[in-house]
Protein chains: 2
Amino acid sequence: MATSDPARPGFQLPLLLLAGFRTLIDDLHAELARQGHPELRPLHGFVLQAVGVHGTTATELGQRLGISKQAAGKTVDRLVAVGYLERVYDPSDARRRLVRVTEHGADGLRRSAETFDRLREQWAEALGEERVAALEDDLRTMASANWFRLDVPGWFGG
Amino acid sequence: MATSDPARPGFQLPLLLLAGFRTLIDDLHAELARQGHPELRPLHGFVLQAVGVHGTTATELGQRLGISKQAAGKTVDRLVAVGYLERVYDPSDARRRLVRVTEHGADGLRRSAETFDRLREQWAEALGEERVAALEDDLRTMASANWFRLDVPGWFGG
DNA sequence: GTAAGATGGTCAACGTGGTTGACGAAATAG
DNA sequence: CTATTTCGTCAACCACGTTGACCATCTTAC
């Protein structure tokens with residue numbers, strides 16, 4: 001069945017994009033594990049980023065990530081358990097539980113940023129800065145703004 | 001905390017690669033849903049592809065995908081339940097259960113290939129064929145060959 | 001030819017990341 | 001003061017992965 005041969009032109013593009021992404025993420029987490037963050041998983045970076053400097057609530061976090069407030073709450077539970085997030089009471093609203101990044105979480109975020117910068121430099125050394133920049137430009141043109149939604153069944157659970 | 005600002009250079013590259021991938025996959029599955037395959041999930045395409053024309057066993061499928069034979073077996077169960085795969089007995093070895101792509105599965109695979117080809121053409125129309133080809137070349141240079149492993153905890157469960 | 005080992009499939013228990021529905025407590029609107 | 005909305009959580013469930021244990025079968029060695 002040549003019609004679904006992986007060598008077919010159309011197949012290459014998504015596979016290569018995934019491969020590039022996975023390579024960066026795997027390299028990042030190998031480095032983070034070395035730097036004292038072996039617990040940090042790929043998803044956690046998104047969540048920490050979405051919580052942000054000012055903190056949020058589980059409901060708002062869910063909205064930012066495009067998942068339900070219940071899923072956001074459970075994810076926060078796990079990140080709290082490994083020390084990356086903390087929950088505090090909101091004195092101005094007894095229903096709300098503010099979610100904040102801990103110092104340990106901020107450290108992970110800082111090291112992630114530094115490592116990503118270094119990885120991008122490696123790509124620029126191998127391909128040339130112009131080609132990396134062109135690659136980013138082209139992807140900015142083609143990539144939808146909905147990429148950050150995690151709610152596709154079959155990707156991250158259903 | 002400017003150190004983890006999403007606008008930082010290093011952050012853009014992985015995000016854009018993911019966005020590009022997600023865009024292609026989301027477009028593909030929107031089209032597949034229109035063409036009679038609303039059940040087909042992103043993961044399923046990998047699995048059908050890994051089963052291949054000649055069929056396999058769950059154990060071998062697990063090795064190809066980099067997951068345990070038990071996980072492969074459960075995934076096959078689900079694909080059998082929605083009609084994309086079938087299990088047959090191997091007359092030459094009573095332990096083995098051959099896994100084969102059904103006609104419905106082959107149809108999904110064919111339509112996936114056609115849709116991916118069409119999406120690549122759309123990228124070539126928007127960016128120019130040379131830039132898409134350059135993008136692919138660059139990713140081939142940088143992307144690790146281990147992309148297809150699904151066993152990273154925190155990506156696909158784990 | 002039989003005993004020993006390797007292999008294939010499945011069951012069970014569990015972990016992570018999602019879903020929906022229900023519900024109490026607290027804030028807000030009328 | 002009552003009605004409604006909002007926040008968080010509980011419970012049940014699904015998809016996708018893990019390890020460990022186990023039986024049945026095929027293969028190998030003696």
Side-chain angles (χ1 to χ4, degrees), chain A residues 22 29 38-48 50-51 55-82 84-99 148-158, chain B residues 22 29 38-48 50-51 55-82 84-99 148-158:
Chain A
R22 282 290 307 263
H29 288 280
E39 312 250 30
L40 213 49
R41 304 270 114 242
L43 257 236
H44 297 168
F46 286 86
V47 176
L48 292 180
V51 169
T56 0
T57 63
T59 296
E60 195 187 333
L61 181 62
Q63 287 166 352
R64 291 188 192 173
L65 294 174
I67 61 179
S68 65
K69 60 181 182 175
Q70 294 93 326
K74 283 198 283 186
T75 299
V76 169
D77 287 343
R78 285 179 222 115
L79 272 292
V80 168
V82 288
Y84 287 88
L85 291 178
E86 60 184 355
R87 280 187 218 263
V88 300
Y89 289 97
D90 184 340
S92 74
D93 185 338
R95 294 170 307 176
R96 305 178 85 211
R97 307 287 318 270
L98 255 309
V99 176
F148 55 83
R149 294 191 67 84
L150 306 179
D151 59 352
V152 173
W155 274 125
F156 298 99
Chain B
R22 283 289 308 262
H29 287 280
E39 312 250 31
L40 213 49
R41 303 271 115 242
L43 256 243
H44 298 169
F46 286 86
V47 177
L48 292 179
V51 170
T56 1
T57 63
T59 296
E60 196 187 331
L61 181 61
Q63 286 166 353
R64 291 187 191 172
L65 294 174
I67 60 178
S68 65
K69 60 181 181 177
Q70 296 93 326
K74 284 198 279 188
T75 299
V76 169
D77 287 344
R78 284 178 223 116
L79 273 293
V80 168
V82 289
Y84 286 88
L85 291 178
E86 61 184 353
R87 277 188 220 263
V88 300
Y89 288 97
D90 183 340
S92 75
D93 187 338
R95 293 169 307 177
R96 307 177 85 210
R97 306 285 319 270
L98 255 310
V99 176
F148 54 83
R149 294 191 66 87
L150 307 178
D151 59 353
V152 173
W155 273 126
F156 298 101

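Heavy atoms only: backbone and side chains are in, while hydrogens, waters and symmetry mates are out.
Atom CG in A:D90 sits roughly 11 Å away from atom P in C:dT28 (whole-Å rounding). One can place OH of A:Y84 at 14 Å from P of C:dT16, the figure rounded to the nearest angstrom. B:R41 places its CZ atom 16 Å from the C1' atom of C:dG17, with the value rounded to the nearest Å. Whole-Å rounding puts the A:F46 CZ to C:dG18 P distance at 11 Å. Atoms CG (B:L43) and P (D:dC14) sit 18 Å apart, rounded to a whole Å. The separation between B:L40 atom CG and D:dA15 atom P is 14 Å, rounded to whole Å. Protein atom CG of A:D77 is 14 Å distant from nucleotide atom C1' of C:dG15, rounded to whole Å. For the pair A:E39 CD and C:dG15 P, the interatomic distance rounds to 14 Å; values are reported in whole Å.
For B:Q70 and C:dG8, a side-chain-to-base donor-acceptor distance below 3.5 Å is absent, hydrogens and geometry of angles not being considered.
A:H44 is not listed as a side-chain neighbour of A:V47, based on a closest heavy-atom distance of 4.5 Å or more. The closest side-chain heavy-atom distance from B:L85 to B:V51 is below 4.5 Å. Looking at heavy atoms from C-beta onward, A:V76 lies in side-chain contact with A:R87 at the 4.5 angstrom threshold.
Partners of A:R96 according to the salt bridge (charged side-chain N to carboxylate O under 4.0 Å, His left out) rule, which considers only residues two or more places apart in sequence or in another chain, are A:D90. Legend: residues meeting side-chain contact (heavy atoms from CB on, under 4.5 Å) with A:A58, ordered by chain and number and at least two apart, are absent. Annotation: side-chain contact (heavy atoms from CB on, under 4.5 Å) contacts of B:E39 (sequence neighbours excluded): B:V82, B:Y84. Residues forming a salt bridge (charged side-chain N to carboxylate O under 4.0 Å, His left out) with A:E60 (at least two apart in sequence, or on another chain): A:R64. Under the salt bridge (charged side-chain N to carboxylate O under 4.0 Å, His left out) criterion, A:E86 pairs with A:R100, sequence neighbours left out.
We find the CG-CG distance between B:L79 and B:L40 to be 8.0 Å, quoted to the nearest 0.5 Å.
For B:H44, taking side-chain heavy atoms from C-beta onward, the closest of the listed nucleotides D:dT19, D:dC16, D:dC26 is D:dC16. With C:dG17, C:dG18, C:dG21 as the candidates, the nucleotide lying closest to the side chain of A:K74 is C:dG18.
For the helix from C:dG1-D:dC30 to C:dG30-D:dC1, the terminal axes (five pairs an end, C1' atoms, rotation from four pairs onto the next four) enclose an angle of 10°, given to 10 degrees.
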At a cut-off of 3.5 Å, list every protein nitrogen or oxygen paired with a nitrogen or oxygen from nucleotides 1-8 of chain D, distance to 0.1 Å.
unit_1 : atom_1 : unit_2 : atom_2 : d
D:dT6  : O2     : A:R95  : NH1    : 2.6
D:dG8  : OP1    : A:R97  : N      : 2.8
D:dG8  : OP1    : A:R97  : O      : 3.3
D:dG8  : OP2    : A:T59  : N      : 3.2
D:dG8  : OP2    : A:T59  : OG1    : 3.0
D:dG8  : N7     : A:K69  : NZ     : 2.9
D:dG8  : O6     : A:K69  : NZ     : 2.7

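Checking the phosphate oxygens (OP1, OP2) of C:dT16, no side-chain nitrogen or oxygen of A:T75 falls inside 4.0 Å. Side-chain nitrogen and oxygen atoms of A:R78 include at least one within less than 4.0 Å of the OP1 or OP2 phosphate oxygen of C:dG17. Phosphate contact (OP1/OP2 of C:dT19, side-chain N/O of A:S68, threshold under 4.0 Å): present.
Of all non-hydrogen atoms in B:L61 and B:A50, the two that sit nearest each other are CD1-CB, 3.6 Å.
Comparing A:P91 and A:A72 by the nucleotide of DNA chain C whose heavy atom lies nearest to each, the residue mapping closer to the 5' end is A:A72.
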